[in-house]
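Structure first, commentary second.
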Amino acid sequence: QVQLVESGGGLVQAGGSLRLSCVASGRTFSSYVMGWFRQAPGKERQFVAAIDWSGRTTAYVDSASGRFTISRDNAKNAVYLQMNSLKVEDTADYYCAAGSKASVIFSATKHRKADVFDYWGQGTQVTVSS
């Protein structure tokens, strides 16, 4: 069992930055693929980024590539999402996720779906104003 707690959301102006953090419980954190998803009101949960256990392999949704950076610190059981050049359309609730068999998401974009992940945090709200 893994419990995930996100933090770092808030209100920011367009063009600004935020850094989301997710801390996991459990001793097997380093074995999980970690991901970030977001969900805007009335929309489906969308893949944003993911990172493998080693931190060497990452994946991003096209709209985040070049602006967002995912990283992890296995010693701290933490994963981060640095978000720069934020846009109004980035407004959403952001969720941290952990998957024991989620490495498939690095092979093809069609696998970058919520059901690949096993555990979820409660979410943190990000609001980008114009």
Side-chain angles (χ1 to χ4, degrees):
Q1 189 76 10
V2 176
Q3 292 184 328
L4 304 171
V5 179
E6 304 98 331
S7 61
L11 173 65
V12 63
Q13 287 190 328
S17 298
L18 282 174
R19 187 192 194 212
L20 305 184
S21 299
C22 172
V23 177
S25 64
R27 295 176 292 176
T28 59
F29 172 79
S30 61
S31 67
Y32 287 92
V33 171
M34 299 300 296
W36 286 97
F37 285 72
R38 65 187 177 189
Q39 188 167 16
K43 295 188 177 182
E44 292 186 353
R45 192 165 294 191
Q46 178 194 36
F47 169 82
V48 176
I51 188 167
D52 76 343
W53 69 273
S54 71
R56 290 191 290 267
T57 302
T58 59
Y60 298 92
V61 66
D62 287 347
S63 61
S65 185
R67 299 189 298 126
F68 293 4
T69 302
I70 188 170
S71 61
R72 67 190 294 163
D73 185 337
N74 289 338
K76 296 181 179 180
N77 278 13
V79 62
Y80 309 100
L81 186 68
Q82 177 67 44
M83 304 186 295
N84 299 328
S85 302
L86 282 161
K87 304 176 180 180
V88 172
E89 50 265 40
D90 294 319
T91 295
D93 291 327
Y94 282 71
Y95 296 87
C96 175
S100 60
K101 300 179 180 179
S103 59
V104 64
I105 65 171
F106 300 111
S107 63
T109 57
K110 67 179 181 180
H111 298 304
R112 295 172 185 176
K113 299 179 180 179
D115 59 8
V116 173
F117 290 84
D118 305 307
Y119 303 103
W120 293 87
Q122 83 289 350
T124 186
Q125 188 174 54
V126 172
T127 302
V128 184
S129 64
S130 59

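Positions are given from 1, in the same order as the sequence printed here. Computed from a predicted model, the values in this text were never measured in an experiment.
Within the model, atoms CD of Q46 and OG of S63 stand 5.5 Å from one another, a figure rounded to the nearest 0.5 Å. Going from atom CG of N74 over to atom OG of S54 covers 8.5 Å, rounded to the nearest 0.5 Å. Atom CD of residue Q1 and atom CD of residue Q3 lie 6.5 Å apart, to the nearest 0.5 angstrom. If you take CG on L18 and CG on N84, they are separated by 9.5 Å, rounding to the nearest 0.5 Å.
Put simply, the side chain of E6 reaches to within 4.5 Å of the side chain of Q122, judged on heavy atoms. With a 4.5 Å cut-off on side-chain heavy atoms, V126 and L20 count as touching. Side-chain contact between Q125 and T91: absent, with no pair of heavy atoms (C-beta onward) separated by less than 4.5 Å. The side-chain heavy atoms of W53 and F29, taken from C-beta on, include no pair separated by under 4.5 Å. For the pair I105 and K113, the minimum side-chain heavy-atom distance is 4.5 Å or more. Under the 4.5 Å side-chain criterion, counting only non-hydrogen atoms from C-beta, S17 is not in contact with M83. Side chains of D62 and S65 form no contact here, defined as non-hydrogen atoms less than 4.5 Å apart.
Scanning both residues, V88 and S129, for their nearest heavy atoms gives CG2-C, 4.1 Å. Taking all atoms of both residues into account, the shortest heavy-atom contact from C22 to L4 is SG-CB, 3.9 Å. When all heavy atoms of A92 and A40 are compared, the pair lying nearest together is CB-N, 3.8 Å. In plain terms, the two heavy atoms of S25 and V2 that are nearest each other are O-CG1, 3.7 Å. Of all heavy-atom pairs spanning A50 and F106, the tightest one is O-CE2, 3.9 Å.
Residues R38 and D90 are paired through a salt bridge, judged by an N-O separation under 4.0 Å between the basic side chain and the carboxylate. In this structure, K101 does not pair ionically with D118, as no charged nitrogen and carboxylate oxygen lie closer than 4.0 Å.
A side chain to side chain contact (heavy atoms under 4.5 Å, CB included) with C96 is found for one member of V79, L81, T124 and no other, namely V79.
Between the side chain of R72 and the backbone N or O of G55 there is no donor-acceptor pair closer than 3.5 Å. The main-chain N or O of T57 is found under 3.5 Å from a side-chain atom of D52 such that the two form a donor-acceptor pair.
In this structure, F68 is not a member of the same hydrophobic cluster as Y95, with clusters built from ILVMFWY side-chain heavy atoms closer than 4.5 Å. Under the 4.5 Å side-chain heavy-atom criterion for grouping Ile, Leu, Val, Met, Phe, Trp and Tyr, M34 is not connected to W120 through any hydrophobic cluster. The cluster map of Ile, Leu, Val, Met, Phe, Trp and Tyr, joined by side-chain heavy atoms under 4.5 Å apart, puts V104 and I70 in different clusters. Hydrophobic clustering of Ile, Leu, Val, Met, Phe, Trp and Tyr side chains at less than 4.5 Å, counting indirect connections, unites V33 with F47. When the side chains of ILVMFWY residues are joined at heavy-atom separations under 4.5 Å, either directly or via intervening members, W36 and Y80 end up in two distinct hydrophobic clusters.
The neighbour count for Q13 CD, taken as heavy atoms of other residues, nucleotides or ligands under 6.0 Å away, does not exceed 12.
Ring centers of F37 and F117: under 6.0 Å apart, within the cut-off.
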